[in-house]
Amino acid sequence: MREEHLFGIHLYPATVRADVVSGAREIGNVHGGEFLVMEDSDGTTSVCDVATGDCSPLNRDRKATEGFLEAFAQYLSSGPAAPPPVTMTAEQAAERLRAFQEGQIRPPSSPPGKGLSHRTRLRRLRKRLHAIDRTATGRDSWWRGLIEEAKNDLL
C-alpha cells in the first residue's frame with residue numbers, strides 16, 4: 001500500500017515499526033501531526049488529538065482505513081476536474097461565505113461529459129464504504145464529516 005495524503009492523512013508504510021504507547025502504535029498522522037492515526041492492540045484504528053488526547057474510532061483495522069482512503073480517492077477522481085483556485089481578500093471571502101450560508105450560492109453541478117454524475121459517484125462511494133467497514137459509516141464515525149461533504153458535493 002502506498003502512503004496516503006488524502007484529506008491531510010499520511011499513513012506510514014506498513015513496514016515501519018512505531019513505538020507502542022498504552023497498547024497502541026502510531027501508524028500515521030493527520031495535518032502533519034496535529035492528530036495521530038493509531039492502531040490498537042486489537043487492530044482497530046483511531047484518530048487521536050495530540051493536544052487533548054481525545055481519540056475517535058476510525059476503522060476495524062488498517063486495511064479498512066486504507067480502503068476508505070482509496071474509496072474517497074476514487075470518488076474524487078471520478079468527478080469533474082476541480083476549478084482553478086480563486087484568490088480573494090478576507091472581505092471577499094467573508095461575503096462569499098455569507099452568500100453560501102444564505103443559500104445564494106450553490107455548489108456547481110457536474111458539466112455533462114466531464115465525469116460521472118454526483119449521484120452515481122456518491123452511490124458508489126457509499127456502497128464501497130459499507131462493504132469495507134459498515135460500522136465506520138455511522139453517525140458517530142470520524143468519517144461522518146467527509147461523507148456529509150461528499151453528500152453535499154463539497155469535496
Side-chain angles (χ1 to χ4, degrees), residues 1-14 27-40 42-50 52 54-155:
M1 176 67 196
R2 63 183 170 77
E3 296 177 36
E4 297 291 344
H5 295 279
L6 190 64
F7 307 123
I9 298 173
H10 170 81
L11 292 181
Y12 308 142
I27 62 169
N29 65 62
V30 184
H31 303 304
E34 182 178 349
F35 299 91
L36 299 178
V37 180
M38 303 298 288
E39 182 178 49
D40 206 346
D42 66 357
T44 59
T45 58
S46 59
V47 175
C48 298
D49 185 328
V50 173
T52 65
D54 293 336
C55 294
S56 299
L58 201 55
N59 293 99
R60 70 172 174 255
D61 56 28
R62 181 190 177 114
K63 185 176 178 180
T65 301
E66 292 170 345
F68 267 51
L69 290 170
E70 289 171 1
F72 273 104
Q74 177 62 38
Y75 166 82
L76 292 171
S77 68
S78 65
V86 176
T87 304
M88 294 183 230
T89 66
E91 293 81 19
Q92 290 169 325
E95 174 58 25
R96 186 158 175 90
L97 179 59
R98 182 204 56 75
F100 179 76
Q101 290 171 332
E102 292 179 2
Q104 296 171 357
I105 298 175
R106 301 252 183 238
S109 59
S110 303
K114 300 288 185 185
L116 298 174
S117 72
H118 173 253
R119 185 177 184 164
T120 298
R121 294 170 50 233
L122 183 62
R123 183 176 33 82
R124 288 181 180 180
L125 173 66
R126 285 181 169 161
K127 184 176 179 180
R128 188 165 175 197
L129 295 178
H130 282 201
I132 294 168
D133 187 356
R134 184 178 203 99
T135 59
T137 62
R139 293 176 51 166
D140 297 330
S141 165
W142 184 87
W143 296 102
R144 182 177 182 205
L146 292 172
I147 294 169
E148 187 71 22
E149 287 184 19
K151 176 184 169 190
N152 294 323
D153 201 13
L154 296 175
L155 293 179

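Environment of CZ in Arg124: sparse, with no more than 12 heavy atoms of neighbouring residues, nucleotides or ligands closer than 6.0 Å. Heavy atoms from other residues, nucleotides or ligands lying under 6.0 Å from CG of Asp42 number more than 12.
The shortest heavy-atom contact between Leu125 and Ala150 is CD2-CB, 3.9 Å. Considering all non-hydrogen atoms of both residues, Asp49 and Phe35 come closest at CA-CD2, 3.5 Å. Considering all non-hydrogen atoms of both residues, Leu11 and Glu66 come closest at CD1-CG, 3.8 Å. Summarising the geometry of Val50 relative to Gly33, their closest heavy-atom pair is CG2-O, 3.1 Å, with the distance given to 0.1 Å. Closest heavy-atom contact between Leu116 and Arg121: O-CD, 3.4 Å. Closest heavy-atom contact between Ile132 and Ala71: CD1-CB, 4.4 Å.
Leu76 has its side chain within reach of Leu6: a pair of non-hydrogen atoms, C-beta onward, lies under 4.5 Å apart. Counting heavy atoms from C-beta outward, Tyr75 and Leu146 have side chains that stay 4.5 Å or more apart. With contacts defined as side-chain heavy-atom distances shorter than 4.5 Å, the pair Phe72/Leu129 qualifies.
Distance check: Lys63 NZ to Glu70 CD gives 9.5 Å after rounding to the nearest 0.5 Å. Atom CD in Glu148 sits 10.5 Å away from atom CG in Leu155 (nearest 0.5 Å). One distance of note links OG of Ser78 with CG of Leu122; it measures 10.5 Å at 0.5 Å rounding.
Of the possible polar contacts, one joining the Thr45 side chain to the Asn59 backbone as a donor-acceptor pair under 3.5 Å is found. Remark: the backbone N or O of Ile147 is not paired with any side-chain donor or acceptor of Arg126 at under 3.5 angstrom.
Below 30°, between 30° and 60°, or above 60°: for Trp143 and Phe68 the angle between ring planes is between 30° and 60°, a tilted geometry.
Checked against side-chain hydrogen bond (donor to acceptor under 3.5 Å, both in side chains), Glu95 has the following partners two or more places apart in sequence or in another chain: Arg98. The side-chain hydrogen bond (donor to acceptor under 3.5 Å, both in side chains) search around Gln74 returns none, not counting sequence neighbours. Considering only residues two or more places apart in sequence or on other chains, Thr135 meets the side-chain hydrogen bond (donor to acceptor under 3.5 Å, both in side chains) condition with Asp133.
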